Number of protein chains: 2
Amino acid sequence: MITKIKLNRKQQIIEKATQLFQKQGYAATSMRDLAGFIGIEAASLYSHIKSKEEILQTICFQMAEDFFQSLDACELANEQADVKLKEAVVSHVEVLTRDTAASAVFVSEWRHLSEPYLSDFLSMRNQYENKFIQILIDGNKAGIFKALDAKFTVLALLSSVNWMPAWYKPNGKLSPREIAENVTDVFINGLKVR
Amino acid sequence: MITKIKLNRKQQIIEKATQLFQKQGYAATSMRDLAGFIGIEAASLYSHIKSKEEILQTICFQMAEDFFQSLDACELANEQADVKLKEAVVSHVEVLTRDTAASAVFVSEWRHLSEPYLSDFLSMRNQYENKFIQILIDGNKAGIFKALDAKFTVLALLSSVNWMPAWYKPNGKLSPREIAENVTDVFINGLKVR
DNA sequence: GTAACGAACTAACGCTAGTTAGGAAAATAA
DNA sequence: TTATTTTCCTAACTAGCGTTAGTTCGTTAC
């Protein structure tokens, strides 16, 4: 009984590649490595994909799309800046934890994209970060947030959260939302008892 | 007039390699690349170094030593936990910004170390993180810090700060100490006006 | 002046990389 | 059953990898 395990070879290739790219890095992962783990020959991969880089592109741009979609799904129009920030970070962390391997690749392997994909990627990332920056700026104008370099602060916030895939265990005690709420609480209210 | 530019070839090799490892990653940087930038043949590198990995080892362990040395130099024995934490982060950021390229390599290329160097490296890193964790635990016991998962919080804090080398410009408006103080202030007191 | 040394060179080694071509086998459709 | 399409194979190619061997050549030491 074989059942229909073989949903889609291409999808399986991308999934395994994601794991290997996370563990070893894109450049240090060979097509023979990848094929071996799947149980076929390296050349056979090319019946399903066009190139090694296509895999990386798929991972990176799929994740980018997920981040945008999740952020857009938050209804933030009528909220205060601190609530907005919290919800935005929760959305971000939920995407991050949904597939930690893909997230890790997204965070640290994008630089191996070639042009014009690299430029596209960076411009999308910039656009995404700007949404967070705007929340901080608005929050400051509204007297809710301190006057800090908004870009700098957002980068610090996202960096702290982007490295979660490296240590997040899906069976841990905390849900993604709880984790995100903890992190944002520290950022918004601080570590200190008051 | 040639003057004595050639301070030390080995040092020059390591410096250039550091830049390339940062920009392209360790695995994606070839010895011919490196040699080309220096202006010699790849084979000639081996008059000065034993292997490609030796360069990575030098960078990673030199940085590790710097971090420990800088942290140990802080006199924290009689301070409150929040001051301790602030000083520890300042020390960390000062090392990070002293050589941003080496720091970036230290942060993201260590996984290409082979055994036993990899294990040594990770155990040192663990030891280092534990010093921060202890500060949080003590601070909580003393009623200064909230009750949070200390390890989790430290990793978030260090991650947020470890990605500074990627965007820090030495000629920026803020000194390393000011940057570190800003970051720690957010972490300790929060983003919110009170 | 000659011996010794350091740093560079050329040439090549063995290996692995990503990828292509062409055909066999297996799965699917008619 | 036959035809078609999908999947995988073997074999091979070119390019590049890290590294070694052996040599040349200028500088330094006696």
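These figures come from a predicted structure and were not determined experimentally. Letters go in sequence order (proteins before strands), and every chain restarts at 1.
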Quick test: give all pairs of protein nitrogen or oxygen and nucleotides 22-24 of chain D nitrogen or oxygen below 3.5 Å, distance rounded to 0.1 Å.
none

Residue of the set Leu158(B), Ile188(B), Leu157(B), Asp185(B) for which side-chain contact (heavy atoms from CB on, under 4.5 Å) holds with Val89(B):
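For Val89(B), the side-chain contact (heavy atoms from CB on, under 4.5 Å) check succeeds only for Leu157(B).
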By side-chain hydrogen bond (donor to acceptor under 3.5 Å, both in side chains), which residues pair with Arg98(A), not counting sequence neighbours?
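So Arg98(A) forms no side-chain hydrogen bond (donor to acceptor under 3.5 Å, both in side chains) with any residue.
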Taking side-chain hydrogen bond (donor to acceptor under 3.5 Å, both in side chains) as the test, write out the residues that go with Tyr46(B), two or more places apart.
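side-chain hydrogen bond (donor to acceptor under 3.5 Å, both in side chains) list for Tyr46(B), sorted by chain: empty.
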Any side-chain N or O of Arg32(A) below 4.0 angstrom from OP1/OP2 of dT19(C)?
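For Arg32(A), the contact criterion (side-chain N or O under 4.0 Å from OP1 or OP2 of dT19(C)) is not met.
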Can you check the Asp33(B) CG to dG16(D) P distance for me, whole Å?
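Computing the Asp33(B):CG to dG16(D):P distance gives 11 Å.
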Tell me: NZ of Lys10(A) to C1' of dC8(D), nearest whole Å?
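Nearest whole value for this atom pair: 17 Å.
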Any side-chain heavy atom of Leu56(A) within less than 4.5 Å of one from Lys52(A)?
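No, their side chains stay 4.5 Å or more apart.
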Using five base pairs at each end, measure the axis-to-axis angle across the helix from dG1(C)-dC30(D) to dA30(C)-dT1(D) and round it to 10 degrees.
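The angle separating the two end axes equals 10°.
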Under a 4.0 Å threshold between the charged nitrogen and the carboxylate oxygen, would [Y] count as salt-bridged to [X]?
| X | Y | value |
| --- | --- | --- |
| Glu79(B) | Lys86(B) | no |
| Lys131(B) | Asp72(B) | yes |
| Glu15(A) | Lys10(A) | no |

For DNA chain D, determine which residues of residues 34-51 of chain B have any heavy atom closer than 4.0 angstrom to one of its atoms, and list them numerically.
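Contacting residues: Ala43(B), Tyr46(B), Ser51(B).
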Of all of residues 15-29 of chain A, which get a heavy atom below 4.0 angstrom from DNA chain D, listed by number?
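Those residues whose heavy atoms fall under 4.0 Å from DNA chain D, taken from residues 15-29 of chain A, amount to none.
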Would Leu71(B) and His92(B) count as a side-chain contact (heavy atoms from CB on, under 4.5 Å) here? Give the steps.
CA-CA 7 Å; Leu71(B) 186 55; His92(B) 187 81; over 6 Å; no
